[in-house]
Amino acid sequence: MPIQEGDLVLIQTKDKRFLKRITPGFNINYGKRTLKFEQIVGKEYGSVVEDFYLLKPNLESIILYGFKRKTQIIYPKDAFYIAFKLGIDRNSTVLEFGIGSGALTAVLSQLAGKVIAYEVSQEFYRNALKNWETFGLCKNVEATNMDFSEAEVQEEFFDACFVDVREPWLYLEKVHKVLKKSATCGFLLPTTNQVSQLLKACEGLFGGIEVMEILLRRYKPVHERLRPEDIMVAHTGYLVFGMKIV
Ligand code: SAM
């Protein structure tokens, strides 16, 4: 299906990517070249115009280049692995707090039957909702602007949970209570001292604990001089996973 007015296009140049909605008057200048609305509409995704590749965006590019970030986000390299470790599928109901900019929620929502999510800040909550609406995501997410500690949640209801807040140990007993037996709970924490504190708090509540971090090393895709990029994102956060024990 050719690209139409209002479609999203991932525009790739030699060394940059732009996620753009194509509307009349659109143009983009990069280097010495300009790409205009008229040169895009009617072309197939995958076309090359001047030195620009017109590509169909996937969820990763939407999150990285389209989402407005008002908080630190969980990067796709962590988010997709988190979804896998939580063991969720279309029959799962997943609990998540805090939503932040809604990046992880967007990934969980693609795999789960339902995501029930909480965000305490009104500003961040509104921004996440806007991000999802802009890109038509998260239709199966029930989001509430509320501190998770105040949420009324049914006992042994959730198949999995993910917690991305600064002091997750404050909510562990409640999380334990609302998870089904043996369900997985994951956490992302930026510092090792937070991880230590969480591990201590998990004793007696969660078993099979795993602590890890994911390093993604990108390469310059030049076949005759294949080598890693000079700069990498060396740290995003530590991931902790455990399963509810009773
Ligand atoms: N995972 C998010 C993403 O991928 O976009 C980013 C989460 S951000 C680092 C942490 C969020 O947790 C903040 O937006 C903060 O307001 C929220 N938060 C902190 N404590 C909370 C609580 N008790 N209940 C709900 N949200 C909370």
Side-chain angles (χ1 to χ4, degrees), residues 19 58-86 88 94-112 114-138 140-154 157-158 160-179 184-195 197-198 201 205 212-214 216 233 235-241:
L19 183 73
N58 60 16
L59 183 58
E60 183 187 32
S61 44
I62 288 174
I63 291 172
L64 286 179
Y65 309 113
F67 270 29
K68 188 162 183 195
R69 299 182 198 177
K70 290 213 168 197
T71 65
Q72 184 60 260
I73 65 160
I74 294 189
Y75 281 85
K77 79 171 173 67
D78 295 314
F80 288 91
Y81 186 72
I82 288 167
F84 167 69
K85 285 295 279 183
L86 293 182
I88 53 183
V94 181
L95 169 66
E96 187 206 6
F97 64 97
I99 296 172
S101 303
L104 178 68
T105 324
V107 175
L108 298 178
S109 142
Q110 296 253 312
L111 293 168
K114 190 171 190 182
V115 181
I116 296 183
Y118 297 89
E119 170 54 55
V120 68
S121 148
Q122 191 180 75
E123 182 191 356
F124 301 158
Y125 171 78
R126 285 192 178 150
N127 179 57
L129 260 51
K130 181 97 195 298
N131 279 335
W132 302 338
E133 196 194 327
T134 304
F135 299 103
L137 298 168
C138 291
N140 58 346
V141 175
E142 204 179 288
T144 310
N145 179 201
M146 182 186 272
D147 188 315
F148 173 68
S149 60
E150 287 162 18
E152 279 187 30
V153 269
Q154 211 176 307
F157 182 72
F158 292 99
C161 173
F162 198 84
V163 184
D164 184 9
V165 303
R166 196 177 301 165
E167 299 180 305
W169 45 87
L170 298 178
Y171 313 92
L172 270 198
E173 291 198 357
K174 183 165 178 176
V175 168
H176 181 267
K177 208 177 275 178
V178 302
L179 281 176
T184 302
C185 187
F187 307 85
L188 181 137
L189 291 161
T191 67
T192 54
N193 46 314
Q194 286 169 297
V195 174
Q197 197 160 347
L198 176 65
L205 298 174
M212 63 193 72
E213 60 179 320
I214 297 173
L216 181 67
V233 177
H235 180 65
T236 50
Y238 300 102
L239 297 176
V240 181
F241 296 95

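Side chains are part of it too, since the values below use all heavy atoms of this structure and drop only hydrogens, waters and symmetry mates. All ligand and atom numbering here is 1-based and tracks the order in the structure. Index from 1, following the sequence.
Counting atoms of ligand 1 from 1 in the listed order, those under 4.0 Å from a heavy atom of Leu104 are 3 (C), 4 (O). Against a heavy-atom cut-off of under 4.0 Å, Gln72 is close to the following atoms of ligand 1: 6 (C), 8 (S), 9 (C). Residue contact check: Gly98 has heavy atoms under 4.0 Å from atoms 1 (N), 2 (C), 7 (C), 12 (O), 17 (C), 26 (N) of ligand 1. Each of the following atoms of ligand 1 lies closer than 4.0 Å to a heavy atom of Ser101: 5 (O). Annotation for ligand 1: atoms under 4.0 Å from non-hydrogen atoms of Met146 are 24 (N), 25 (C).
With contacts defined as side-chain heavy-atom distances shorter than 4.5 Å, the pair Phe148/Leu170 does not qualify. Leu104 has its side chain out of reach of Asp164: every pair of non-hydrogen atoms, C-beta onward, lies at least 4.5 Å apart. Side-chain atoms of Ile214 and Thr236, non-hydrogen and from C-beta on, never get closer than 4.5 Å to each other.
For atom 4 (O) of ligand 1, the nearest non-hydrogen atom from the set Ile63, Leu108, Ile74 belongs to Ile74. Considering Tyr125, Phe97, Tyr171 only, the shortest heavy-atom separation from atom 23 (N) of ligand 1 involves Tyr171. With Asp147, Asn131, Asp164 as candidates, the residue nearest to atom 22 (C) of ligand 1 on a non-hydrogen basis is Asp147.
Both the backbone and the side chain of Val120 come within 4.0 Å of ligand 1, counting heavy atoms alone. At a heavy-atom cutoff of 4.0 Å, ligand 1 is contacted by no atom of Leu188, backbone or side chain. Of the heavy atoms in Arg69, none comes closer than 4.0 Å to ligand 1.
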Which donor-acceptor pairs under 3.5 Å do side chains of residues 60-69 form with protein atoms, sequence neighbours excluded?
{"from": "Ser61", "atom 1": "OG", "to": "Asn58", "atom 2": "N", "distance (Å)": "3.0"}
{"from": "Ser61", "atom 1": "OG", "to": "Asn58", "atom 2": "O", "distance (Å)": "3.0"}
{"from": "Ser61", "atom 1": "OG", "to": "Asn58", "atom 2": "OD1", "distance (Å)": "3.0"}
{"from": "Arg69", "atom 1": "NH1", "to": "Tyr75", "atom 2": "OH", "distance (Å)": "3.2"}
{"from": "Arg69", "atom 1": "NH2", "to": "Leu64", "atom 2": "O", "distance (Å)": "3.1"}

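Taking all atoms of both residues into account, the shortest heavy-atom contact from Ala106 to Cys138 is CA-SG, 3.6 Å.
For atom 24 (N) of ligand 1, the closest heavy atom belonging to the protein is Phe148 N, 3.0 Å. Regarding atom 3 (C) of ligand 1, its nearest protein heavy-atom neighbour is Ile99 O, 3.5 Å. In this structure, the protein non-hydrogen atom closest to atom 16 (O) of ligand 1 is Glu119 OE2, 2.6 Å.
For the atom pair CG of Asp78 and CG of Leu188, the computed distance is 6.0 Å after rounding to the nearest 0.5 Å. One distance of note links SG of Cys185 with OH of Tyr171; it measures 13.0 Å at 0.5 Å rounding. Of the inter-residue distances, the one linking Met146 atom CE with Glu152 atom CD reads 8.0 Å to the nearest 0.5 angstrom.
Residues satisfying the salt bridge (Lys or Arg N to Asp or Glu O under 4.0 Å) test with Lys85, not counting sequence neighbours, are Glu210.
Looking at ligand 1, you won't find any N or O of Val165 less than 3.5 Å from one of its N or O atoms. Of the polar atoms of Glu96, none of the N or O atoms is found under 3.5 Å from an N or O of ligand 1, judged by distance alone.
By the 6.0 Å contact criterion, NZ on Lys174 is enclosed, its count of non-hydrogen atoms from other residues, nucleotides or ligands being greater than 12.
Note on ligand 1: Gly102 sits in its first shell, one or more heavy atoms being nearer than 4.0 Å.
Each of Asn127, Thr134, Leu129 was evaluated against Asn131; a single residue qualifies, Asn127, per the side chain to side chain contact (heavy atoms under 4.5 Å, CB included) test.
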